[in-house]
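Just below is one structure, and these are the notes that go with it.
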Amino acid sequence: MSNKPIVIGVAGGTGSGKTTVAKEIFYQFNEQSIVLIEQDAYYKDQSQLSLEERLQTNYDHPLAFDNDLLLEHLKKLSSKQGIQKPVYDYAAHTRSKEVIDIKPKDVIILEGILILEDKRLRDMMDIKLFVDADADIRIIRRLVRDISERGRSIESVIDQYTSVVRPMHLQFIEPTKRYADVIIPEGGQNRVAIDLMVTKIRTIIEEKAIL
Ligand code: C5P
């Protein structure tokens with residue numbers, strides 16, 4: 001196997017199904033050879049701010065992410081060094097004190113709303129995917145998820161969506177579609193696209209192995 005891992009970027013708006021696509025690809029490989037890195041884990045540490053201040057943060061803006069750290073970690077994994085992946089706490093709106101030890105692997109799946117927005121991250125990727133879904137489907141999924149998993153109320157999700165998530169999606173996320181090699185409609189339900197991706201990744205692994 002040649003030294004550098006393959007990096008697959010899975011972008012898309014909130015509720016698009018990108019996490020499902022990333023996980024479906026992940027499960028097709030042996031856990032020893034693949035790792036999933038979520039851009040959300042690299043939201044900036046805001047532990048120095050009060051909860052009130054953290055609630056004011058725009059989490060859909062490129063500046064909300066610590067892409068410098070994410071890039072540093074991708075480079076480390078690329079040079080076969082381990083990393084300590086941060087863990088994000090959505091209820092406290094900051095990085096938690098835990099970290100997860102990640103060993104270098106042959107395949108890295110990088111998943112997140114704004115991974116295609118930063119050229120430095122794009123340049124690390126071998127395949128760039130954008131998972132697409134209509135806005136009505138995305139807000140419905142977001143409502144269900146944020147209430148059941150992220151401790152939010154209906155009112156807060158709707159308010160955040162209309163005032164921040166939607167305008168930021170249109171300004172920063174949707175335009176990154178142009179950088180995608182493949183746009184996947186109907187995300188996690190799209191078996192054909194997922195199977196095609198898995199086949200393509202296996203081909204790249206085989207090609208690298210004989211280089
Ligand atoms: O998993 P998903 O891609 O939906 O995660 C990104 C979303 O998480 C962003 O749209 C952002 O609004 C939301 N977020 C949040 N509160 C935070 C951090 C992120 O609602 N503290």
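Note that the structure is predicted; figures quoted are calculated from it, not measured. In each ligand, atom 1 is the first atom listed, and ligand 1 is the first ligand listed. Just the heavy atoms: all of them, side chains too, but no hydrogens, waters or symmetry mates, feed the values below.
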Nearest neighbour in protein (non-hydrogen) for atom 5 (O) of ligand 1: Asp40 OD2, 3.0 Å
Before accepting this row, confirm whether a basic side-chain N of the pair Lys80/Asp106 lies closer than 4.0 Å to the acidic partner's carboxylate O. yes
Regarding ligand 1, does Tyr90 bring an N or O atom to under 3.5 Å of one of the ligand's N or O atoms? no
Hey, does the side chain of Gln28 reach the backbone of Ile25 with a donor-acceptor pair shorter than 3.5 angstrom? no
Salt bridge (Lys or Arg N to Asp or Glu O under 4.0 Å), that's the test. Do Asp132 and Lys177 meet it? Break it down for me. CA-CA 9 Å; Asp132 209 8; Lys177 232 185 219 180; 3.0 Å; yes
Sub-4.0 Å atoms of ligand 1 with respect to non-hydrogen atoms of Val165: 12 (O)
Considering only the protein, which heavy-atom contact is closest to atom 16 (N) of ligand 1, and what is its distance? Arg152 NH2, 3.2 Å
Val7 backbone acceptor or donor facing Asp126 side chain under 3.5 Å: yes
For the residue pair Arg166 and Tyr161, would you count it as a cation-pi contact if the rule is NZ or CZ under 6.0 angstrom from the ring centre and within 45 degrees of the ring axis? no
Taking every heavy atom of Pro175 against every heavy atom of Leu170, the minimum-distance pair comes out as CD-O, 3.4 Å
For Arg150, is the nearest heavy atom under 4.0 Å from an atom of ligand 1? yes
Give the residue, atom name and distance (to 0.1 Å) of the protein heavy atom nearest atom 7 (C) of ligand 1. Arg142 NH1, 3.5 Å
For the student: nearest non-hydrogen atoms of Ile115 and Met125, plus distance: O-CE, 3.5 Å
for atom 4 (O) of ligand 1, nearest protein heavy atom and its distance come out as Thr14 OG1, 2.6 Å
Gln160 to ligand 1, any heavy atom closer than 4.0 Å: yes
If we count only N and O atoms by modelled type, under 3.5 Å, do the side chains of Tyr43 and His93 hold a donor and an acceptor together? no
Would you say Asp60 has any N or O atom under 3.5 Å from an N or O of ligand 1, going by distance alone? yes
Answer yes or no on whether Arg122 is positioned over the face of Tyr179, meaning its NZ or CZ is under 6.0 Å from the six-membered ring centre and within 45° of the axis. yes
Would you call Lys18 a ligand 1 contact, heavy-atom distance under 4.0 Å? yes
At a 4.0 Å threshold, what atoms of ligand 1 neighbour a non-hydrogen atom of His93? 16 (N), 17 (C), 21 (N)
When distances are taken from atom 1 (O) of ligand 1, the protein heavy atom at minimum range is Arg145 NH1, 2.9 Å
Tell me: protein heavy atom nearest atom 14 (N) of ligand 1, and distance? Tyr59 CB, 3.9 Å
